[in-house]
Amino acid sequence: MMSKPKMLTIDEAAALVDGLTKFRIRQMCIDGILPHIKAGKKYLINQSILFEKIGEKI
């Protein structure tokens, strides 16, 4: 059975990753660098994809 993906808001993602601000994470979503789901006004980011993308940038 598959587990549910852990989805993060921009605030949660910024709190998880040192050195990334809420503004930068939002900009990465808008620029198409960071895959996300838009739920109303909120951006929801898959935690494992966030760490993958951060790893690619390092």
Visitor: Stepwise, does the side chain to side chain contact (heavy atoms under 4.5 Å, CB included) test hold for Lys6 with Leu8?
Guide: CA-CA 7 Å; Lys6 172 77 172 157; Leu8 306 170; 3.9 Å; yes
Visitor: Hey, does Leu20 have a side-chain heavy atom less than 4.5 Å from the side chain of Ile54?
Guide: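 Counting from C-beta outward, Ile54 and Leu20 do come under 4.5 Å.
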Visitor: Flag yes if Ile33 and Val17 sit in one hydrophobic cluster, no otherwise; membership is Ile, Leu, Val, Met, Phe, Trp, Tyr, and two members link when side-chain heavy atoms are under 4.5 Å apart.
Guide: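 Yes: a chain of side-chain contacts under 4.5 Å links Ile33 to Val17.
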Visitor: Using 0.5 Å steps for rounding, measure from the NE2 atom of His36 to the CD1 atom of Ile25.
Guide: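 If we round to the nearest 0.5 Å, His36:NE2 and Ile25:CD1 are 13.0 Å apart.
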Visitor: After noting the C-alpha distance and the side-chain angles of Lys42 and Ile10, does the key distance pass the side chain to side chain contact (heavy atoms under 4.5 Å, CB included) rule?
Guide: CA-CA 8 Å; Lys42 285 188 178 188; Ile10 287 177; over 6 Å; no
Visitor: So, taking the atom named CG in Asp11 and the one named NZ in Lys22, what distance separates them when rounded to the nearest 0.5 Å?
Guide: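 Atom-to-atom, Asp11:CG and Lys22:NZ are 4.5 Å apart.
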Visitor: In Å and rounded to the nearest 0.5 Å, what is the CD1 to OG1 distance from Ile45 to Thr9?
Guide: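 Reported to 0.5 Å precision, the distance equals 7.5 Å.
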Visitor: Indicate yes or no for a side-chain donor-acceptor contact from Asn46 to the backbone of Ser48 under 3.5 Å, with no hydrogens or angles considered.
Guide: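 Confirmed, Asn46 side chain pairs with Ser48 backbone.
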Visitor: Using a 4.5 Å cut-off on heavy atoms from C-beta on, say whether the side chain of Met7 contacts that of Ile49.
Guide: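 No. Closest side-chain heavy atoms not under 4.5 Å.
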Visitor: Do Cys29 and Lys38 have side chains that get closer than 4.5 Å, going by heavy atoms?
Guide: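 Of all side-chain heavy-atom pairs linking Lys38 with Cys29, none is under 4.5 Å.
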Visitor: What are the two closest non-hydrogen atoms of Ala13 and Leu50, and how far apart are they?
Guide: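 Minimum heavy-atom contact is CB-CD2, 3.8 Å.
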Visitor: Find out if a path of hydrophobic residues (ILVMFWY) with successive side-chain heavy-atom gaps under 4.5 Å connects Phe51 to Leu44.
Guide: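 Hydrophobic grouping puts Phe51 apart from Leu44.
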Visitor: Hey, mind stepping through Tyr43 and Ile30 against side chain to side chain contact (heavy atoms under 4.5 Å, CB included) and telling me if it holds?
Guide: CA-CA 10 Å; Tyr43 291 89; Ile30 292 168; 3.5 Å; yes
Visitor: Got a second to check how far Arg26's CZ is from Leu34's CG, nearest 0.5 Å?
Guide: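 Output value for this atom pair is 12.5 Å.
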